[in-house]
Amino acid sequence: MIFAKRALLAGGWAGRIRVTLDGGRIAATDTNAAAQPGDVRVDTLLPAPGNLHSHSFQRAMAGMTEHRRAGQDSFWTWRDLMYRFTARLTPEQVEAIAALTFMEMQEAGYAAVGEFHYLHHQPGGAPYDDPAELSARIFAAAAATGIGLTHLPVLYSYGGAGRVPLEPGQVRFGNDVDRFLRLVETMGPAMGGLPEDCRLGVAPHSLRATAPEDLSVLLAARPTGPVHIHAAEQPKEVSDVQAWLGARPVEWLLDHAGVDGRWCLIHATHMTGDETDAMARSGAVAGLCPITEANLGDGPFNGPRYLAAGGAFGVGSDSNVRISLTEELRMLEYSQRLRDLSRNVMVVGEGSVGRALFCGAAEGAARALARDAGRIEVGGLADLLAVDGTCPTLDPLPEDQLLDGLVFAASDGVVTDLWSAGRHAVRDGRHVARDAIVADYRKALSDLIATV
């Protein structure tokens, strides 16, 4: 049981809340209640958002790509180093990095993760004896941390738009669609040891890394479950796809791929106004990764028009150069302000921007990850986040400004507790398995960085 001084329930703020859990779900939310012996006592209880887009292995690259080289650095020069780094990773290192990354996500306030997993094979491209070896390492990391996992194995068949052959740095990712589907079939049983809230989706990497006929085969074979895809992250990607298919990436997907509420379009950064409106109407979730999009020089998402059209969004940490829920939401709003020379942008009409960002991200990520979460309500998954509302940053604020303070002024250090589908993973600000996870990470990575 959890007793909170206050909680943001589906119907709004309420005081003296006692939340009863039944396994991984919320069985009751009693207001104006009294704490009972044995209750976990917290100050402020919130729905815990999911992190809808992560490449966990890239966490170990953080800080390695911030040295300027001759010429102009870009996403494409960053990608060269990422390929060199990827070529050296062992299965043990993949697992250790993922566990550290998932732990840091939970300590930052994320209850779940969408792992966009495109690392499948050995260096050189040969499959492991168990073709799902590296996915099994992700499952092990999820089990060690208790995070809610939506696993998104990636179909990556080509090195560029127009069926360009894979580059040497991409061969660990590569599968044709038939081999990919056989690989995915092995993952369902392999996930059997994980909690029942974990999910399996698919992720055609992007239009530049697949082809229309392969995408059709994939969607026919996987008619249900989440579908995530990179879309329009870079202007070069947009122009390359348009030259090949005669339409911009988001435009082509909306016209030909049956995009609906099970889809998450990651980034969708470079869209026209008409694409923005049509994507919002489709029911798809925009998967926004503002810290990575700033770090890689991608550009800002068209937030105001998308929200005005009723679009859903969530946030993800993508390259994991920085894992922070509050900073991700803050960067999303600030990117809009910098572009538009305006303030308080990411809210429809009037009201709290912090609440619009936080609740919008929680509900959008829950949809994208196929989790019955995003709100505190009876029957939903107990994805719950507790913050210390008595800290100096938040204590003076009334409830209707508390989420503004959390998003724009506080650090992730205000997180005291985190439950992933009822699993109490963070207590007093620390993950319960932090010491063991950090020790495993240091051991596994001791000789990796110096070789890149």
Side-chain angles (χ1 to χ4, degrees), residues 49-65 78-79 81-83 85-121 132-154 156 172-173 187 190-191 194 198-201 203 205 226 228 230 264 266 287 289 291-292 295-296 314-325 328 365 368-369 418 420 425 431 433-434 436-438 440-445 448-449 452:
N51 181 328
L52 56 63
H53 188 65
S54 163
H55 311 298
S56 61
F57 74 87
Q58 292 178 11
R59 177 61 178 154
M61 290 173 51
M64 295 174 59
T65 63
W78 170 88
R79 194 177 70 160
L81 187 139
M82 186 267 286
Y83 289 163
F85 181 83
T86 302
R88 291 163 170 79
L89 290 176
T90 67
E92 293 77 14
Q93 290 165 341
V94 168
E95 181 178 337
I97 298 168
L100 182 87
T101 304
F102 296 164
M103 177 199 74
E104 291 182 327
M105 289 177 185
Q106 290 172 298
E107 289 185 343
Y110 293 110
V113 61
E115 181 63 14
F116 197 98
H117 178 74
Y118 55 83
L119 191 58
H120 298 304
H121 310 308
E133 167 73 27
L134 296 182
S135 283
R137 298 294 181 154
I138 300 299
F139 304 157
T145 59
I147 200 166
L149 175 68
T150 295
H151 191 57
L152 299 160
V154 171
Y156 200 122
R172 293 195 78 176
F173 319 153
M187 293 181 186
M191 294 182 74
L194 293 176
C198 294
R199 298 287 182 267
L200 179 64
H205 178 272
H228 289 216
H230 290 131
C264 181
I266 307 298
C289 309
I291 292 175
T292 293
N295 182 266
L296 298 183
V315 296
S317 55
D318 195 354
S319 70
N320 295 302
V321 66
R322 175 79 172 111
I323 299 174
S324 170
L325 171 60
E328 210 74 66
L369 301 180
L418 187 285
S420 295
H431 195 281
R434 164 172 270 279
I437 289 169
V438 171
D440 287 346
Y441 175 82
R442 286 176 173 161
K443 180 180 178 181
L445 275 291
L448 174 64
I449 304 301
V452 177

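- Residues I266 and L52 meet the side-chain proximity criterion, which asks for heavy atoms closer than 4.5 Å.
- Sorted by first then second residue, the salt bridge (charged side-chain N to carboxylate O under 4.0 Å, His left out) pairs that include residues 50-60, not counting sequence neighbours, are R59-E104.
- Qualifying side-chain contact (heavy atoms from CB on, under 4.5 Å) partners for A425, counting only residues two or more places apart in sequence or in other chains: Q106, H431.
- Using a distance-only test at 3.5 Å, with no hydrogens or angles considered, a donor-acceptor pair links the side chain of Q93 to the main chain of A444.
- Residues P153 and G201 share a closest heavy-atom pair of CD-O, 3.2 Å.
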Using the rule given for side chain to side chain contact (heavy atoms under 4.5 Å, CB included), can you reason through M191 versus L200, listing the C-alpha separation, both sets of side-chain angles and the distance that settles it, and then say yes or no? CA-CA 8 Å; M191 294 182 74; L200 179 64; 3.8 Å; yes

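- Under the side-chain contact (heavy atoms from CB on, under 4.5 Å) criterion, E95 pairs with R137, A140, sequence neighbours left out.
- Within the 3.5 Å criterion, the main-chain N or O of A142 finds a donor-acceptor partner in the side chain of T145.
- Two residues are said to be in side-chain contact when any heavy atoms from C-beta on lie closer than 4.5 Å; L134 and H117 meet this criterion.
- Taking each heavy atom of A144 and A433 in turn, the nearest pair found is O-CB, 4.3 Å.
- To the nearest 0.5 Å, the span separating CZ on F57 from CG on L119 amounts to 6.0 Å.
- Taking the charged nitrogens against the carboxylate oxygens, K443 and E92 have no contact shorter than 4.0 Å, which rules out a salt bridge.
- The closest side-chain heavy-atom distance from S317 to I291 is not below 4.5 Å.
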Check the pair F173 / T86 against side chain to side chain contact (heavy atoms under 4.5 Å, CB included), numbers first and verdict last. CA-CA 10 Å; F173 319 153; T86 302; 3.7 Å; yes

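- Checked against ring pair (Phe, Tyr, Trp, His ring centres under 6.0 Å), H55 has the following partners two or more places apart in sequence or in another chain: H53, F116, Y118, H230.
- How far CG of L194 is from CD1 of I147: 12.0 Å, rounded to the nearest 0.5 Å.
- When atom types are taken as modelled, the side chain of T150 and the backbone of L369 share a donor-acceptor pair closer than 3.5 angstrom.
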Please test T101 against I323 for side chain to side chain contact (heavy atoms under 4.5 Å, CB included), starting from the C-alpha separation and ending with a verdict. CA-CA 8 Å; T101 304; I323 299 174; 3.7 Å; yes

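- Shown here are the salt bridge (Lys or Arg N to Asp or Glu O under 4.0 Å) partners of E328, two or more places apart in sequence or in another chain: there are none.
- Considering every non-hydrogen atom in both S324 and A108, the closest pair reads CA-CB, 4.2 Å.
- Contact between L418 and A111 at its shortest, heavy atoms only, is CD1-CA, 4.0 Å.
- Listed by chain and number, the residues in a salt bridge (Lys or Arg N to Asp or Glu O under 4.0 Å) with R172 amount to none (sequence neighbours excluded).
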Under the criterion side chain to side chain donor-acceptor pair (under 3.5 Å), I'd like the reasoning laid out for E115 against S54: C-alpha separation, chi angles, the key distance, then a yes or no. CA-CA 5 Å; E115 181 63 14; S54 163; 2.9 Å; yes

The test is side chain to side chain contact (heavy atoms under 4.5 Å, CB included); show your working for I138 and S56 and say whether it passes. CA-CA 9 Å; I138 300 299; S56 61; 3.8 Å; yes

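- Under a 3.5 Å cut-off, the side chain of N320 and the backbone N or O of D318 do form a donor-acceptor pair.
- For the atom pair OH (Y441) and CG (L100), the distance works out to 6.0 Å, reported to the nearest 0.5 Å.
- Separation of the F139 and H151 ring centroids falls under the 6.0 Å cut-off.
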